[in-house]
Participant: 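What follows is a structure written as structure tokens; I'll ask about it next.
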Amino acid sequence: MSDSRNFVLGVFDDEDVLLSAVRKVRGAGVKIDEVYSPFPVHGLDDELGYKRSRLPIAAFMFGILGTSLALTMQYWMLGVDWPMIIGGKDFTPLPDFIPVTFELTVLLAAFGMVGTFLVSSDLKPWKDPKMLDLRITDDKHIMAIDLGKNKSMDAQTINGVLKDSGAVEVNDKEVED
Amino acid sequence: MQVTSSVRTPLITGGKTVHDVTEDICRQVEGKPSKSWLLGMGMALTAFGIGFIAVAATLWEGIGMWGLNKTVGWAWDITNFVWWVGIGHAGTLISAVLLLFRQKWRMAINRAAEAMTIFAVICAAMFPVLHMGRPWLGAYWALPLPNTFGSLWVNFNSPLLWDVFAISTYFSVSLVFWYLGLVPDFATIRDRATGIRKKIYGALSLGWDGAARTWSRYESVSLILAGLATPLVLSVHTIVSFDFATSVIPGWHTTIFPPYFVAGAIFSGFAMVLTLMLVTRRLFKLEDYITIEHISLMNIVITVTGSIVGIAYITEFFVAWYSGVPAEQYAFFNRMQGPYWWAYWSMMTCNVISPQLFWSKRIRTSISATFIISIIVNIGMWFERFVIIVTSLHRDYLPSSWSMFYPTVYDMGVYLFTFGLFFTAFLLFAKFFPVVNMAEIKSIVKSSSEKQTA
């Protein structure tokens, strides 16, 4: 691939038009690189054929890790390393350990999941997002089509498909890699 | 696709477009600070400065500067702690519980409410930390480390330690939830800014580009975080109530405390959100986003939780009588008729009677009435904690130990300090961060804006 990528950008200003446009454009055999939106559009990921995120599984695993760490810590500290009689109870009363176990489960699940999300979506400070259009974070939805990945079609046809499906503007954009 | 019934009142008025949302919310962040903001900041910093003297004196001399005595070992400090933690319940409740219940009216208020939560929890944490006397040691004594690096561990049977875990988890998870919500909005500001502002907001926005793949993951992260934060909110005040409920002090030793404290926390938190939002809405001209409908819905939550609190007060009395335990009966009788009767009756008036006024639609939809009642509720909730803590302690088991509590100027100063801290932080937030969640509001412009449903 060359140093730069050529995009055709379809600009949409309505989320429902966008959803049907995604269906039409994909139906016409055009590969969509990505759709950028100022707010979450429900059902857009399904229309684009994205698989469901596995982040909930990550959250569950981190949660289980938190539970086991918390229980191990408490049992080891008060049961093995330095047992103490407190209030005439067992050395290791399970009900007393539940609050800390619950909190650590939630803490690890939340931080683990958010950390995984930031890594998998490559979100980090000082990163240049290379915005294709500055209106993405304002009020426009941008459908980006990479011409390099649609070799079988020329830009003209793709423009036509975008216009037909309700794009208010169609722009060309070259992005340095 | 979002379908909203046509009988629903619109959540955004004034026929706003998506672009208007960006303009309206970013205006505050991009403009010069207004006179009223500077005035507010001046007042907050003054309170902060005066209060700081009291904090410094407490740290220098020790907590003997406070009015505590042998009998009343917990007074204003723990009252203020529970009061602030309670206020800190509304933010995550609004964003997490109302997200799970798909209540779209949360969207205009969740950002500011979450910020309020975070600042309130910081203020709350000040009190137990200062009460340690030597916080530079206490800060690590509270962690599960071998005690003074010997071999004795922290006591996991103690509700005070559970509190350390509950509050620090609540604080950090709320902070993450709040920050994650801010990321797309920081990107909006970044893309409108130039120069140094672009650099700062660019770093804060973590390189957000609005890709559908990221949004899809973001949505599932938000949902799971809400699912995690919901039991977390409930657990925090439950554990705070354990500080009292697991002891054997008459007046504290009751199983009703967890639900009663949680309801009280939501009650006072919503009241504080209303106090802050009514002012913010006016100063920042957000009347189209935080409508009378929003205010009225929040007032309904206040009435529901206020009624739960009222029933809890009555239940405590019934159980004290029904238990047949003379010490328990005396503790409650003493609340009503003892030397602290004025605190008890202030609490009853502010918390039980005032929220019932919201049954009237005229009061519920009146901004000035809401503002006044929201402040009254928080005064009442302060008295509730004072009544529970001081009134239960001041009559010790031995009548020779009976005593009263008189706050010193340092007790008041430390409380003032937290007000200064809270309002300074909130004003900074209101100026430099988007006070309304733009991305979420934009997603309902089409379905819930006035022109659509009219």
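Every chain is numbered from 1 and lettered A, B, ... according to where its sequence line falls, protein lines coming before strand lines. Small disclaimer: the values here were computed from a predicted structure and weren't measured.
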Participant: Relative to chain A, which of B:Lys199, B:Glu440, B:Glu219 shows the most heavy atom pairs under 4.5 Å?
Facilitator: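 Among B:Lys199, B:Glu440, B:Glu219, the one with the most close pairs to chain A is B:Glu219.
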
Participant: Strictly distance-based, threshold 3.5 Å: is any side-chain N or O of B:Trp178 a donor or acceptor partner for the main-chain N or O of B:Ile118?
Facilitator: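 Looks like no, no N/O pair under 3.5 Å.
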
Participant: Please classify the contact between B:Val154 and chain A as side chain, backbone, both or neither, with a heavy-atom cut-off of under 4.5 Å.
Facilitator: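 It is the backbone, since no side chain atom gets that close.
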
Participant: Give, as side chain, backbone, both or neither, the part of A:Met131 having an atom under 4.5 angstrom from any heavy atom of chain B.
Facilitator: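 Looking at A:Met131, just its side chain touches chain B.
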
Participant: Given side chain to side chain contact (heavy atoms under 4.5 Å, CB included), test A:Arg135 with B:Asp191 step by step and report yes or no.
Facilitator: CA-CA 8 Å; A:Arg135 292 173 298 171; B:Asp191 290 346; over 6 Å; no

Participant: Determine yes or no for a side-chain-to-main-chain donor-acceptor pair under 3.5 angstrom, with B:Ser247 supplying the side chain and B:Asp243 the backbone.
Facilitator: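 It does not hold such a pair.
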
Participant: Measuring heavy-atom distances to chain B, does A:Leu132 have an atom under 4.5 Å in its side chain, in its backbone, in both, or in neither?
Facilitator: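 Nothing of A:Leu132, per the 4.5 Å heavy-atom cut-off to chain B.
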
Participant: Taking CE in A:Met61 as the centre, count heavy atoms belonging to other residues, nucleotides or ligands within less than 6.0 Å. Is the count above 12?
Facilitator: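 Incorrect, the count does not exceed 12.
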
Participant: Is A:Ala109 close to chain B through its backbone or its side chain, or both, or neither, when contacts mean heavy atoms under 4.5 Å?
Facilitator: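 Its backbone and side chain both get close to chain B.
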
Participant: Among A:Asp96, A:Val106, A:Leu118, which has the most heavy-atom pairs under 4.5 Å with chain B?
Facilitator: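 Highest number of heavy-atom pairs under 4.5 Å: A:Asp96.
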
Participant: Side chain from CB out, backbone as N, CA, C, O: work out which of these in A:Ser120 comes under 4.5 Å of a heavy atom of chain B, or both, or neither.
Facilitator: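 Contact with chain B is through both the backbone and side chain of A:Ser120.
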
Participant: Would you mind checking which part of B:Pro231 comes under 4.5 Å of any heavy atom in chain A, side chain (CB onward), backbone (N, CA, C, O), both or neither?
Facilitator: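 Contact with chain A: backbone and side chain both.
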
Participant: Between the side chains of B:Thr17 and B:Asp20, is a donor N or O closer than 3.5 angstrom to an acceptor N or O?
Facilitator: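 Indeed, the side chains of B:Thr17 and B:Asp20 share at least one donor-acceptor pair under 3.5 Å.
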
Participant: Tell me if a side-chain donor or acceptor on B:Asp185 pairs with a main-chain N or O of B:Met438 at a distance below 3.5 Å.
Facilitator: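 Yes; judged by distance alone, with no hydrogens or angles, the pair exists.
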
Participant: May I have the step-by-step check of salt bridge (charged side-chain N to carboxylate O under 4.0 Å, His left out) for B:Glu23 and B:Arg192, ending in yes or no?
Facilitator: CA-CA 10 Å; B:Glu23 289 294 333; B:Arg192 291 163 58 91; 3.1 Å; yes

Participant: Does a side chain donor of either A:Ser121 or B:Thr214 reach within less than 3.5 Å of an acceptor in the other side chain?
Facilitator: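 Judged by distance alone, the side chains do not pair up.
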
Participant: Who among A:Asp13, A:Ile136, A:Val114 has the most heavy-atom pairs with chain B under 4.5 Å?
Facilitator: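 So the answer, after comparing A:Asp13, A:Ile136, A:Val114, is A:Val114.
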
Participant: Are the side chain of A:Asp90 and the backbone N or O of A:Thr92 linked by a donor-acceptor pair below 3.5 Å?
Facilitator: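 Judged by distance alone, no pair lies under 3.5 Å.
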
Participant: Under 4.5 Å from any heavy atom of chain A, what part of B:Arg190 do you find: side chain, backbone, both or neither?
Facilitator: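 B:Arg190 touches chain A through side-chain heavy atoms alone.
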
Participant: Which one wins on heavy-atom pair count under 4.5 Å against chain A: B:Phe177, B:Phe242, B:Phe156?
Facilitator: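 Highest number of heavy-atom pairs under 4.5 Å: B:Phe156.
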
Participant: Taking every non-hydrogen pair under 4.5 Å, which of A:Pro125, A:Pro56, A:Ala58 racks up the most with chain B?
Facilitator: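 That would be A:Pro125.
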
Participant: For the residue pair B:Phe433 and B:Phe186, does the interplanar ring angle fall in the parallel (under 30°), tilted (30 to 60°) or perpendicular (over 60°) class?
Facilitator: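 Ring orientation of B:Phe433 relative to B:Phe186: perpendicular.
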
Participant: Look at B:Leu232, B:Ile239, B:Val173, B:Val176 and state which one has the largest set of heavy-atom pairs under 4.5 Å with chain A.
Facilitator: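 Option with the greatest count: B:Leu232.
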
Participant: Is B:Arg213 close enough and on-axis enough to A:Tyr50, meaning under 6.0 Å and within 45°, for cation-pi?
Facilitator: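 Ring-cation test returns yes.
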
Participant: Is the NE2 atom of B:His19 crowded by more than 12 outside heavy atoms at less than 6.0 Å?
Facilitator: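 Result for NE2/B:His19: enclosed.
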
Participant: At a heavy-atom separation under 4.5 Å, does B:Leu228 approach chain A through its side chain, its backbone, both, or neither?
Facilitator: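 It is both, since atoms from each part get that close.
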
Participant: Relative to chain B, which of A:Lys127, A:Arg52, A:Glu34, A:His141 shows the most heavy atom pairs under 4.5 Å?
Facilitator: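 The option with the most such pairs is A:Glu34.
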
Participant: Taking atom CZ of A:Phe60 and atom CG of A:Leu65, what is their separation to the nearest 0.5 Å?
Facilitator: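 Going from CZ on A:Phe60 over to CG on A:Leu65, the span is 12.0 Å.
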
Participant: Does any N or O in the side chain of B:Thr92 come within less than 3.5 Å of the main-chain N or O of B:His89, such that one atom is a donor and the other an acceptor?
Facilitator: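 Such a contact is absent between B:Thr92 side chain and B:His89 backbone.
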
Participant: For chain A, which of B:Phe165, B:Trp208, B:Trp153 has the most heavy-atom pairs under 4.5 Å?
Facilitator: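 Most pairs with chain A among the choices: B:Trp153.
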
Participant: Look at A:Lys124, A:Lys140, A:Lys89 and state which one has the largest set of heavy-atom pairs under 4.5 Å with chain B.
Facilitator: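 It is A:Lys124.
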
Participant: Looking at B:Ile224, B:Ile441, B:Leu206, which has the largest count of heavy-atom pairs under 4.5 Å with chain A?
Facilitator: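 That would be B:Leu206.
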
Participant: Contact part of A:Leu107 toward chain B, heavy-atom cut-off under 4.5 Å: side chain, backbone, both or neither?
Facilitator: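 Interface part for A:Leu107: both.
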
Participant: Can you say whether A:Asp45 sits under 4.5 Å from chain B via the side chain, the backbone, both, or neither, judging by heavy atoms?
Facilitator: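 Contact with chain B: side chain only.
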
Participant: Could you tell me which portion of A:Asp14 (side chain, backbone, both or neither) has an atom closer than 4.5 angstrom to a non-hydrogen atom of chain B?
Facilitator: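 Only the side chain of A:Asp14 comes within 4.5 Å of chain B.
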
Participant: Taking side chain as everything from C-beta outward and backbone as N, CA, C, O, which of these in A:Leu134 sits under 4.5 Å from a heavy atom of chain B? Side chain, backbone, both or neither.
Facilitator: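 Contact with chain B: backbone and side chain both.
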
Participant: Which one of B:Leu161, B:Asn155, B:Thr188, B:Thr22 has the most heavy-atom pairs closer than 4.5 Å to chain A?
Facilitator: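 Highest number of heavy-atom pairs under 4.5 Å: B:Thr188.
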
